[in-house]
Protein chains: 2
Amino acid sequence: MWRHILLYGVLAGVLVAVLRGIEYRWLVIDHSLEIYGGLVAAVFASVGIWLGLKLTRKRIEIREVLVPAPAVFVRDEAQVSALGLTPRELEILEFMAAGLSNKEIAEQAFVSENTVKTHASRVLDKLGAARRTQAIQRAKELRLIA
Amino acid sequence: MWRHILLYGVLAGVLVAVLRGIEYRWLVIDHSLEIYGGLVAAVFASVGIWLGLKLTRKRIEIREVLVPAPAVFVRDEAQVSALGLTPRELEILEFMAAGLSNKEIAEQAFVSENTVKTHASRVLDKLGAARRTQAIQRAKELRLIA
DNA sequence: TCGAAAATCACCCTTTCTGGTGACGCGCGG
DNA sequence: CCGCGCGTCACCAGAAAGGGTGATTTTCGA
C-alpha cells in the first residue's frame with residue numbers, strides 16, 4: 001500500500017513537471033486551452049485507470065469449492081514418531097489392515113511367523129490396542145495407514 | 001463493455017462542459033494555470049481510478065480448489081442384498097470394524113457371546129473372508145461400512 | 001568403533017476367533 | 001397351517017492371535 005502511495009506521489013511530481021512543460025509550450029506556441037486541458041485529462045485518466053487496475057489486480061477472489069476429491073493418503077509422520085513406530089512395524093500394520101494372518105504376513109515379508117508376532121505385539125502395544133482389529137481402527141483414525 | 005464505453009463518452013462530454021465552465025471562470029476570475037491543470041488532473045485521475053475499479057470489479061477469479069470433502073458415507077444396499085447380509089449381521093460387522101471383541105459386541109448388542117459368534121461366522125462366510133480383519137477390509141471395499 | 005535402536009527368531013501360555021453342528025422361537029407369506 | 005428367513009443360544013475342537021520373556025544379529029549414528 002505504501003509503495004502505491006509513494007509511487008503515486010512520484011508520478012504526481014513528474015506530471016506536475018510535465019504540466020509545467022506543457023504550460024511552457026502553451027505559452028510559447030499559441031495552443032488552445034482545450035488541447036491543454038484535454039492532454040492533462042487524458043494523461044490523468046490513463047494514470048487513474050492504470051492505478052485502478054493496479055489496486056485491484058491482487059484482489060482476486062479465491063473461492064474454494066468443496067469437491068469430493070480422491071483425497072490422496074498422506075501418512076501422519078508426526079504421529080508415527082510420536083508413537084515410536086518403526087518402518088517395519090508400519091509395514092506389518094499395513095499387512096494386518098489388509099486382512100492377512102500372521103502366517104501370510106510372514107510369507108509376504110520373508111520373515112518367520114514369530115517375528116511377525118513380535119512386530120504385531122509391539123504395534124498393538126504402541127497403539128494401545130488389545131486386538132488387531134482395534135489397532136487397524138486406531139491406525140486409520142491417526143492416519144497411519146490408508 | 002459497450003455500456004462502459006458509452007458511459008465514458010457521456011462522462012467525457014460532461015467533463016468537457018465542466019472544463020468549459022472552469023475555463024470561463026479562469027477567464028473571468030484570474031486564476032492561475034496550475035490550479036486549472038490541477039483541478040482537471042484531479043478530476044480525471046479520480047474518474048480514471050473509478051473507471052479502473054469498475055473495469056476490474058467483475059474480474060474476480062473463481063478458483064475451484066479440490067478439497068478433500070468429508071464425503072458422506074452411503075451404504076451400497078445393492079451389495080448388501082447381493083451378499084444376503086441381514087441387518088443384524090451388518091450391525092455386528094460394524095462392531096467388528098470398530099475393533100470390539102465378540103464379548104464386547106455381545107455386551108453392546110445385548111446378546112450372548114455365542115450369538116455374536118454365529119453372526120460373525122455368517123458375516124465371514126458371506127464376505128468370503130477367513131478372518132475378521134479380512135472381512136472388515138472387504139466390507140470397506142464394497143462400501144458396506146464406513 | 002562403540003552402543004542404542006531395530007529387526008530377527010524361539011518358546012510357552014492364555015485368550016480370542018473360526019468352523020461345524022444342532023436347536024428353539026418368532027413373524028410372515030404361500 | 002407349514003415352511004422359511006431371521007435372530008437367538010449352546011457346545012466343541014482347532015486355528016489364530018496376544019502376552020511375556022529371552023536371545024542374537026543388523027543397522028546406523030555419535
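Numbered from 1 within each chain, the chains take letters A, B, ... in sequence-line order. None of the values given here were measured: they were computed from a predicted structure.
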* To do: Check each residue of residues 80-94 of chain B for a non-hydrogen atom within less than 4.0 Å of any atom in DNA chain D, then write out the ones that pass by number, or none.
  => B:T86, B:P87, B:R88
* Presence of A:T115 side-chain N/O under 4.0 Å of C:dC9 phosphate oxygens OP1/OP2 -> yes
* **With A:A135 via side-chain contact (heavy atoms from CB on, under 4.5 Å) - residues at least two apart** => A:L124, A:L127, A:A129
* Write out all pairs satisfying salt bridge (Lys or Arg N to Asp or Glu O under 4.0 Å) with one or both partners inside residues 127-138 of chain B, taking only residues at least two apart or from two chains. => A:E104-B:R131
* Asked: Would you call B:I136 and A:I136 a side-chain contact if the rule is heavy atoms closer than 4.5 Å?
  -> no
* To do: Look at atom CZ of A:F73 and say whether more than 12 heavy atoms of other residues, nucleotides or ligands are closer to it than 6.0 Å.
  => yes
* To do: Under the side-chain hydrogen bond (donor to acceptor under 3.5 Å, both in side chains) rule, collect the residues that match up with B:R143, sequence neighbours excluded.
  => none
* To do: Give every residue pair that meets the salt bridge (Lys or Arg N to Asp or Glu O under 4.0 Å) criterion with at least one member in residues 111-125 of chain A, sequence neighbours excluded.
  => none
* Asked: Is B:Q108 close to B:L100 at the side-chain level, that is, under 4.5 Å between some pair of heavy atoms?
  -> yes
* Axis bend over the full length of the helix from C:dT1-D:dA30 to C:dG30-D:dC1, computed from five pairs that close each end, to 10 degrees -> 50°
* To do: Measure across A:A120 and A:M96 and return the closest heavy-atom pair with its distance rounded to 0.1 Å.
  => CB-SD, 4.1 Å
* Within the side chain of B:Q137, is there an N or O that forms a donor-acceptor pair under 3.5 Å with the backbone of B:T133? -> no
* Structure fact -> Whether each nucleotide of nucleotides 14-30 of chain C has a protein heavy atom under 4.0 Å at its base (B), only at its sugar-phosphate (S) or at neither (-) is summarised, 5' to 3', as --SSBB-----------
* Asked: Between which nucleotides of DNA chain D, 5' to 3', does chain A make heavy-atom contacts below 4.0 Å?
  -> D:dA16 to D:dG19
* To do: Identify, with sequence neighbours excluded, every residue that meets side-chain hydrogen bond (donor to acceptor under 3.5 Å, both in side chains) alongside A:S112.
  => A:T115
* To do: Check whether any side-chain nitrogen or oxygen of A:H119 sits under 4.0 Å from OP1 or OP2 of C:dT8, and answer yes or no.
  => yes
* Please work out which residues in residues 135-146 of chain A have a non-hydrogen atom less than 4.0 Å from an atom of DNA chain D and list them by number. => none
* Asked: What residues, two or more places apart in sequence or in another chain, satisfy salt bridge (Lys or Arg N to Asp or Glu O under 4.0 Å) together with A:E107?
  -> none
* To do: Considering just the side-chain nitrogens and oxygens of A:N114, establish if one lies under 4.0 Å of OP1 or OP2 belonging to C:dC9.
  => no
Between side-chain atoms of residues 81-92 of chain B and protein atoms elsewhere (two or more places apart, or another chain), which donor-acceptor pairs fall under 3.5 Å?
| unit_1 | atom_1 | unit_2 | atom_2 | d |
| --- | --- | --- | --- | --- |
| B:S81 | OG | B:E77 | O | 3.2 |
| B:S81 | OG | B:A78 | O | 2.9 |
| B:T86 | OG1 | B:E89 | N | 3.3 |
| B:T86 | OG1 | B:E89 | OE1 | 3.4 |
| B:R88 | NH1 | B:E91 | OE1 | 2.9 |
| B:R88 | NH1 | B:E91 | OE2 | 3.1 |
| B:R88 | NH2 | B:A109 | O | 3.1 |
| B:E89 | OE1 | B:T86 | N | 2.9 |
| B:E89 | OE1 | B:K126 | NZ | 2.8 |
| B:E89 | OE2 | B:K126 | NZ | 3.1 |

